[in-house]
Amino acid sequence: MAVEESQGGTQVGDLPEVCLALAIALTSPRDASRCAAVSPSFQAAADSDHVWRRFLPDDLVMHLQSPPHARKRKIKTKDAYLDLCDAAGAVTVGGGAKVWLEKASGAKCHALSARSLSLPWDDGEFCWRFTPHPTSRFGEVAELVECTCLDIYGRLPAAALSPATPYAAYLVYGSVEEGRRRGLSFPDQETAVSVGGRTATRHAVCLWPDDTEARKLRAGAAAAAGGEAPPRRPRRRGDGWWEVEMGRLCTSTAAGEGEDDDVVAGFEVMGWQPKRGLVLEGIEFRPVVN
């Protein structure tokens, strides 16, 4: 009998639930979900509050425990995590930013509102108009009334992002109806992302591709240099807004390193042609998902 028991051995699933939970908590939300499919004992451990509390950032836990985010009833920590993985259920933090989690990794996503961005007023303070929008997550969006010089900058502390994580910044926007829109297809537009004053990436973009307008405005201009990459084009999101990637960065891997740095994402239009009709919702910083 003793020989038979030694041959059988102790299986991983025979370990106490608390031991399994401690091990699973060292993985990722994606791996924890996979572990739940192994066996009933793994499922109990993988769904435990100990595991999912490990995946919730401390600052978001504090927001969830205070009004108006406090739950009216106690729910499992895993359910609270999944709620935060939906941008519609994002937590509002200082400065009016929205924060939610990328489901597979638990890394934080940030959305800065148009009100929190830097919108230089070289053409006068009335070149932008703030107004409510029925599909925006924020109370107001910024509508470009008329300008010739267009610069948009978003800034947040690097410490607000998850460490050791590659991020991409996105300009989130729409426009007024076509007849009132001007100067969003040409001249050249450029984005840049910097960390601590050091430029990480720089790209040519086009917010509103219109080949007909571009050809008309380029008449008489020198042709683009051979070999140049074409401008990045936007994509339409499921919520109806458009977004264009501004650039990428990677947060520091060392604890405390670079925490005093700021991440800045900027958009600039080269040239002085009149521009109007842009509806700006904000800038998002989201983890790059492989």
Q: Just by modelled atom types, is the Ala107 backbone N or O under 3.5 Å from a matching donor or acceptor in the Ser162 side chain?
A: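 No, Ser162 side chain to Ala107 backbone: no donor-acceptor pair under 3.5 Å.
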Q: Under 3.5 Å, is there a donor-acceptor pair between the Thr148 and Lys275 side chains?
A: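 Their side chains do not contain a donor-acceptor pair, so the 3.5 Å distance test is not met.
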Q: Find the distance between OG1 (Thr27) and CZ (Arg54) and round it off to the nearest 0.5 Å.
A: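 It is 8.5 Å, given to the nearest 0.5 Å.
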Q: Closer than 4.0 angstrom, basic N to acidic O: yes or no for Glu146 and Arg182?
A: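 A salt bridge is absent here (no side-chain N lies under 4.0 Å from a carboxylate O).
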Q: Quick one: ring-ring contact (aromatic ring centres under 6.0 Å, His included) partners of Tyr81, sequence neighbours excluded?
A: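 Tyr81: ring-ring contact (aromatic ring centres under 6.0 Å, His included) contacts with Trp52.
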Q: Is a donor on one side and an acceptor on the other found under 3.5 Å between the side chain of Thr201 and the backbone of Arg248?
A: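 Side chain of Thr201 to backbone of Arg248, a donor-acceptor pair under 3.5 Å: yes, one is there.
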Q: Any carboxylate oxygen within less than 4.0 angstrom of a Lys/Arg side-chain nitrogen, looking at Arg286 and Glu102?
A: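 Between Glu102 and Arg286 there is no salt bridge, as every charged N stays at least 4.0 Å from the carboxylate O atoms.
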Q: Taking a hydrophobic cluster as the set of Ile, Leu, Val, Met, Phe, Trp and Tyr residues connected by side-chain heavy atoms closer than 4.5 Å, whether directly or through intermediates, do Leu280 and Val145 fall within one such cluster?
A: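 No, Leu280 and Val145 fall in different hydrophobic clusters.
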Q: Is a side-chain donor or acceptor of His110 paired with a backbone partner of Ala160 at a separation under 3.5 angstrom?
A: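 Checked: pair present.
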Q: Here's a test for you: under ring-ring contact (aromatic ring centres under 6.0 Å, His included), which of Trp241, Tyr173, Phe138 qualifies with His133?
A: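 Only one option passes, and that is Trp241.
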Q: Quick one: does Leu161's side chain get under 4.5 Å of Leu156's, heavy atoms only?
A: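 Yes, side chains in contact.
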Q: With the threshold set at 4.0 Å, does a side-chain nitrogen-carboxylate oxygen contact exist between Arg137 and Asp239?
A: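 Salt bridge absent between Arg137 and Asp239.
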Q: Between the side chain of Ser175 and the main-chain N/O of Leu278, is any donor-acceptor distance below 3.5 Å?
A: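 Such a contact is absent between Ser175 side chain and Leu278 backbone.
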Q: For the pair Asp58 and Arg53, find out whether any cationic side-chain nitrogen is under 4.0 Å from an anionic carboxylate oxygen.
A: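 Salt bridge flag = yes for Arg53 with Asp58.
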